[in-house]
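Reading through the structure tokens given below for one structure.
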Amino acid sequence: MSEQVWKSKLFIGGRWVEPSSDARIDIPSPSTEESLGSVPEAQPADVDAAVAAARKAFDEGPWPRMSAAERAEHLVRVGQEVEKRYDEMVASFSAEIGAPLAVSRAFHDNAKKMWDDASTLHERVAFEEERTWEDGGHGVVVREPVGVVATIIPWNGPVATASLKIAPALAAGCTVVLKPAPEGPMSTLMLAEALEAAGLPEGVISVLPAGRETGEHLVAHPDVDKVTFTGSTAAGKKIMSTCGERIARVTLELGGKSAGIIADDIPLDEVIPSLGFAGIISSGQVCAAITRIVVPRERQQELLDALVPMFESIKVGDPAQDDTVLGPLAAERQRDRVEEYIRVGKEEGARLVTGGGRPEGLDKGWYVQPTIFADVDNKMRIAQEEIFGPVVVVIPFDSVDEAVDIANDSPYGLSGAVYAKDEELARSIARRVRTGQISINSWGMCVTQPFGGFKQSGLGREGNVEGIAPYLETKLIQYA
Ligand code: NAD
């Protein structure tokens with residue numbers, strides 16, 4: 001399949017077809033602001049065609065009826081096709097979103113892991129389980145695919161995020177309509193090529209880049225049984241309420257404002273190498289970023305003495321250069337949003353210790369300097385709201401209990417980190433923080449284990465056996 005095809009057609013039911021309209025999505029480069037080209041923008045009529053194909057494939061086609069082991073063979077092939085396109089996907093995502101190549105590689109490594117993981121799920125999940133119970137009853141518990149799945153994803157890691165959702169959905173036997181964001185759709189269209197090349201049966205998968213309104217149409221579609229969404233908490237609330245109208249199943253992976261707690265016993269050279277990047281990687285456009293650093297009050301200056309020079313030495317620039325650490329923000333409106341939060345932080349009385357502006361010498365592109373606010377009160381908006389930019393806030397504490405309270409005083413609960421020499425202390429803090437994943441003396445998103453949020457960070461889990469469960473309905477067949 002050539003670039004000409006995905007730049008002129010839409011991928012509906014496993015085939016490239018003419019779009020219903022001539023609407024197009026322009027793709028500006030975040031680093032040069034020049035157009036990288038355009039792709040067709042799906043409209044509600046295209047969604048209707050994709051949902052009809054997915055419905056038919058689910059109700060009548062072979063996919064949900066074949067064994068999980070047979071489906072797994074297809075998933076292995078998808079993984080191989082993703083691998084074949086790895087370099088072009090990495091380059092394309094980097095160009096269209098402005099992510100440095102190393103970040104783009106990390107995302108696409110995760111995508112590959114998701115297909116590998118999903119292709120072995122059938123060995124770990126009991127699709128059928130014989131049961132007997134107290135009064136002599138016996139029968140079988142059957143786990144069936146939930147049906148047609150609408151998958152809506154943001155732009156900040158689309159191939160990895162899509163894979164985290166559609167690989168287990170397909171493993172379960174569901175059929176899928178995937179709607180990537182209009183920002184940076186090219187790498188996801190390469191994923192569509194990989195899905196086509198893997199030869200899934202007709203109707204099983206569609207990929208429709210489009211904006212919010214087409215997304216709303218997909219979520220409200222009566223033939224969609226389940227919605228799985230990754231994006232902002234604001235959109236997640238709207239989607240959940242639409243799903244509530246017809247009790248459509250829903251999984252939500254939403255925003256974050258995760259805390260990294262530093263204890264008083266650990267040398268900072270054991271903290272900074274991971275925590276220093278955990279808040280600003282991919283210019284802070286990562287849901288699980290550690291954007292609140294919670295530090296003993298008497299160690300705040302020691303931390304700043306180490307962190308500020310590190311931030312100031314980071315190479316910000318062209319994402320296509322191998323030694324670039326931070327690229328631009330993905331969109332102009334994203335930079336506007338980040339700059340507005342920097343203004344709010346100053347107004348709230350937080351101390352700006354580095355950054356806060358645009359990097360010198362980068363006249364084109366939506367760049368923001370890596371930025372640190374210190375002496376931050378956790379009640380401030382810059383400590384409570386997700387900025388989604390290269391901005392971290394340092395919040396001092398006076399006791400371990402207060403540090404835990406600060407971490408938990410957030411509408412979010414997605415990720416987190418604890419740095420302490422005392423292992424018992426680290427583990428007890430990790431248990432007390434209300435969050436979906438938390439790391440000790442390191443930071444990283446683990447996508448092959450349960451991933452998801454407490455509170456307004458989401459609903460449900462992705463990854464591993466927990467990640468296939470939301471795509472299965474459970475049925476008990478009782479024998480006489
Ligand atoms: P967004 O919510 O604006 O958009 C995400 C996707 O949803 C896009 O495809 C968009 O077109 C679509 N959309 C928006 N409103 C919709 C609606 N009402 N109905 C249907 N579709 C709708 O988010 P964004 O700004 O593109 O992405 C950034 C957000 O995503 C951040 O809040 C970030 O934390 C979150 N995110 C979360 C995770 C996670 O796993 N928890 C991962 C990545 C990003």
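Order of appearance sets the numbers: ligands from 1, and atoms from 1 within every ligand. As a basis for the values below, the full set of heavy atoms in this structure was taken, side chains included, without hydrogen atoms, waters or symmetry mates. This chain uses plain numbering: 1 for the first residue, then up along the sequence.
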Give yes if a backbone or side-chain nitrogen or oxygen of [X] is under 3.5 Å from a nitrogen or oxygen of ligand 1, and no if not.
| X | answer |
| --- | --- |
| Gly215 | no |
| Asn156 | no |
| Thr233 | no |
| Thr230 | no |
| Cys287 | no |

Taking side-chain contact (heavy atoms from CB on, under 4.5 Å) as the definition, give me every residue that meets it alongside Asp409, ordered by chain and number, with sequence neighbours left out.
Asn378, Lys379, Gln384

Say whether [X] and [Y], considering side chains only, have a donor N or O and an acceptor N or O under 3.5 Å apart.
| X | Y | result |
| --- | --- | --- |
| Arg432 | Asn408 | no |
| Glu96 | Trp155 | no |
| Thr228 | Lys165 | yes |
| Tyr341 | Glu385 | yes |
| Ser163 | Trp115 | yes |

SB check [X] [Y] (cutoff 4.0 Å):
| X | Y | value |
| --- | --- | --- |
| Lys238 | Glu216 | yes |
| Glu183 | Arg333 | yes |
| Glu202 | Lys56 | no |

Residue [X] vicinity, atoms of ligand 1 by number, heavy atom under 4.0 Å:
| X | result |
| --- | --- |
| Ala181 | 8 (C), 9 (O) |
| Glu253 | 37 (C), 38 (C), 39 (C), 40 (O), 41 (N) |
| Phe451 | 40 (O) |
| Ile153 | 6 (C), 8 (C), 9 (O) |

For [atom], find the nearest protein heavy atom and state the residue, atom name and distance (0.1 Å precision).
| atom | answer |
| --- | --- |
| atom 12 (C) of ligand 1 | Ile152 CG2, 3.6 Å |
| atom 2 (O) of ligand 1 | Ser232 OG, 2.6 Å |
| atom 11 (O) of ligand 1 | Lys179 NZ, 3.0 Å |
| atom 19 (N) of ligand 1 | Glu216 CG, 3.4 Å |
| atom 15 (N) of ligand 1 | Arg212 CG, 3.2 Å |
| atom 28 (C) of ligand 1 | Phe388 CE2, 3.5 Å |
| atom 26 (O) of ligand 1 | Trp155 NE1, 2.9 Å |
| atom 32 (O) of ligand 1 | Glu386 OE1, 2.6 Å |

Contact partition for Ile239 relative to ligand 1, non-hydrogen atoms under 4.0 Å
side chain

Checking contacts here: is it the side chain or the backbone of Leu414 that comes within 4.0 Å of ligand 1, counting heavy atoms only? Could be both or neither.
side chain

Should Met240 and Leu459 count as side-chain neighbours, where that means a heavy-atom distance under 4.5 Å?
yes

Got a protein heavy atom sitting under 4.0 Å from atom 4 (O) of ligand 1?
no

What do you reckon, does Gly211 put a non-hydrogen atom under 4.0 Å from ligand 1?
yes

Which heavy-atom pair separates Ile12 from Asp46 by the least distance, and what is that distance?
CD1-O, 3.9 Å

Return yes when atom CZ of Arg15 has more than 12 non-hydrogen atoms of other residues, nucleotides or ligands closer than 6.0 Å, and no otherwise.
no

Under 6.0 Å from the six-membered ring centre of Tyr471 and within 45° of its axis: does the NZ or CZ of Lys226 meet both?
yes

